[in-house]
Amino acid sequence: TFSTNKSTLESYAAGRQTISNVGAPGLNDTPMILVDEGRDIGDIWGWEFSRIGDDGQWLFIDADGNEVGTSEMGAEDRKVIGNGLPDFELSWTNNVRYRSFDFSMFWRGAFGHDLVNTYDIFHRNPFFIGSRNVMASTTDIPELTEAPQFSSFQVEDASFFRLENITVGYNFSLPPESMISKLRLYGTINNVWTITDYSGIDPDVRFFDRGPTDNGNRAENADNPNPLAPGIDRRDQWFTQTSFVFGVNLGF
């Protein structure tokens with residue numbers, strides 16, 4: 001199967017708005033999504049990252065194309081730095097039978113969407129070493145000495161192609177006089193592997209935003225997620241896991 005869509009906001013009573021703030025600590029007034037009539041839904045809105053300066057400070061590109069530091073950047077320097085909705089999605093299911101064996105697998109992918117990696121914002125920064133745990137990838141930017149700032153530095157292409165599951169079964173041949181009419185043993189592996197360049201928890205599309213998380217990783221709007229703010233990988237996202245299931249099918 002193959003699908004593609006384009007979502008445009010035709011009418012919005014609130015007018016032009018920036019929503020979905022990064023959250024605490026320190027970024028409660030930093031929105032990540034632009035909502036405006038006539039625009040694509042899911043535009044990620046923020047500063048354009050340039051590089052980390054020689055003194056360990058963030059350097060960004062302002063609205064005039066100049067490379068400047070954090071103190072010289074403002075709301076007027078924000079721009080579209082990604083979009084949270086995919087250009088297209090596809091899936092493939094295959095079922096094979098050979099004698100007493102059966103085999104099935106399911107592939108799924110989404111392509112062209114971006115994700116804001118909020119784990120990177122708060123946990124990939126040497127600024128916090130000594131006060132909290134940081135991710136191992138923090139060693140990639142040891143020269144950074146400034147507090148977190150949201151920019152295109154934390155926005156990643158999250159295109160992926162995933163082998164969701166594989167099932168292998170064996171159907172036993174039973175004598176006519178058996179009380180059991182069917183006996184099948186099977187094994188299933190879920191979340192087998194994912195092909196992606198995304199460095200966060202899960203590259204899957206986030207079609208809505210549950211809001212910023214508190215210190216316990218509880219989402220602010222968990223019961224009322226916002227569909228106008230796709231594309232944010234919040235810190236309440238738990239790690240994906242691979243599971244193994246073994247079973248027996250019996251028929252009488």
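Within 6.0 Å of atom CG in Asp54, 12 or fewer heavy atoms from other residues, nucleotides or ligands are found, so the atom counts as exposed in its surroundings. The local environment of CZ in Arg51 is crowded, with over 12 non-hydrogen atoms from other residues, nucleotides or ligands closer than 6.0 Å. No more than 12 heavy atoms of other residues, nucleotides or ligands lie within 6.0 Å of CD in Gln241, so this atom counts as exposed by the packing criterion. Annotation: Arg132, atom CZ; neighbour count of heavy atoms from other residues, nucleotides and ligands within 6.0 Å is above 12. Asn28 CG: more than 12 foreign heavy atoms inside a 6.0 Å radius. The number of heavy-atom neighbours closer than 6.0 Å to CG of Asn95, taken from other residues, nucleotides and ligands shown, is above 12. Counting non-hydrogen atoms of neighbouring residues, nucleotides and ligands closer than 6.0 angstrom, the CG atom of Asn94 exceeds 12 such neighbours.
For the pair Arg235 and Tyr119, the cation does not sit on the ring face, since its NZ or CZ is not both under 6.0 Å from the ring centre and inside 45° of the axis.
Looking at Asp197 and Asp157, their side chains never come closer than 4.5 Å, going by heavy atoms from C-beta outward. For the pair Pro203 and Glu156, the minimum side-chain heavy-atom distance is 4.5 Å or more.
Between the side chains of Glu146 and Thr70, a donor-acceptor pair is found at a separation under 3.5 Å. Residues Ser20 and Asp209 bring a donor and an acceptor atom of their side chains to less than 3.5 Å of each other. Asp43 and Asn83 share a donor-acceptor pair across their side chains, judged by distance under 3.5 Å alone.
For the ring pair (Phe, Tyr, Trp, His ring centres under 6.0 Å) with Phe101, the qualifying choice from Tyr186, Phe172, Tyr170 is Tyr170, the only one to do so. Applying the ring pair (Phe, Tyr, Trp, His ring centres under 6.0 Å) test between Phe161 and each of Trp92, Phe106, Trp107 identifies Trp107 as the sole match. Screening Val248, Leu250, Asn171 for a side chain to side chain contact (heavy atoms under 4.5 Å, CB included) involving Arg184 leaves a single residue, Asn171.
Atom OG1 in Thr4 sits 12.0 Å away from atom CZ in Phe111 (nearest 0.5 Å). For the atom pair OG1 (Thr167) and CG (Asn190), the distance works out to 7.0 Å, reported to the nearest 0.5 Å. Note that CG of Leu115 and CD1 of Ile232 are 9.5 Å apart. Values are rounded to the nearest 0.5 Å. To the nearest 0.5 Å, atom OG1 of residue Thr118 and atom CZ of residue Arg234 are 6.5 Å apart. Here the straight-line distance linking atom CD of Glu10 with atom OG1 of Thr8 works out to 7.5 Å at 0.5 Å rounding.
The pair Asp202-Arg162 meets the salt-bridge criterion, since a charged nitrogen lies less than 4.0 angstrom from a carboxylate oxygen.
One N or O on the side chain of Glu37 and one on the backbone of Tyr12 form a donor-acceptor pair closer than 3.5 Å. Side chain of Asp77 to main chain of Gly74: a donor-acceptor pair is present (N/O by atom type, distance under 3.5 Å, no hydrogens or angles). Between the side chain of Trp58 and the backbone N or O of Ala147, at least one donor-acceptor pair lies under 3.5 Å. A side-chain donor-acceptor contact under 3.5 Å links Ser152 to the backbone of Phe49. Asp64 places no side-chain N or O within donor-acceptor distance of the main-chain N or O of Asn66, the cut-off being under 3.5 Å.
Phe246 has its ring centre no less than 6.0 Å from the ring centre of Phe244. Less than 6.0 angstrom separates the ring centroid of Phe2 from the ring centroid of Phe88. Remark: aromatic rings of Trp47 and Phe153 are distant, center separation not under 6.0 Å.
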For this session: In sequence, state the C-alpha distance, the side-chain angles, and the governing distance for Gln154 and Asn117, and then conclude on side chain to side chain donor-acceptor pair (under 3.5 Å).
Result: CA-CA 5 Å; Gln154 297 98 6; Asn117 188 342; over 6 Å; no
- [ ] Show your working on side chain to side chain donor-acceptor pair (under 3.5 Å) between Asn165 and Asn191 and close with a plain yes or no.
- [x] CA-CA 6 Å; Asn165 57 65; Asn191 190 28; over 6 Å; no
(Q) The test is salt bridge (Lys or Arg N to Asp or Glu O under 4.0 Å); show your working for Lys6 and Asp87 and say whether it passes. (A) CA-CA 8 Å; Lys6 180 178 175 62; Asp87 296 328; over 6 Å; no
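Scanning for salt bridge (charged side-chain N to carboxylate O under 4.0 Å, His left out) contacts around Glu164 gives Arg108, with sequence neighbours left out.
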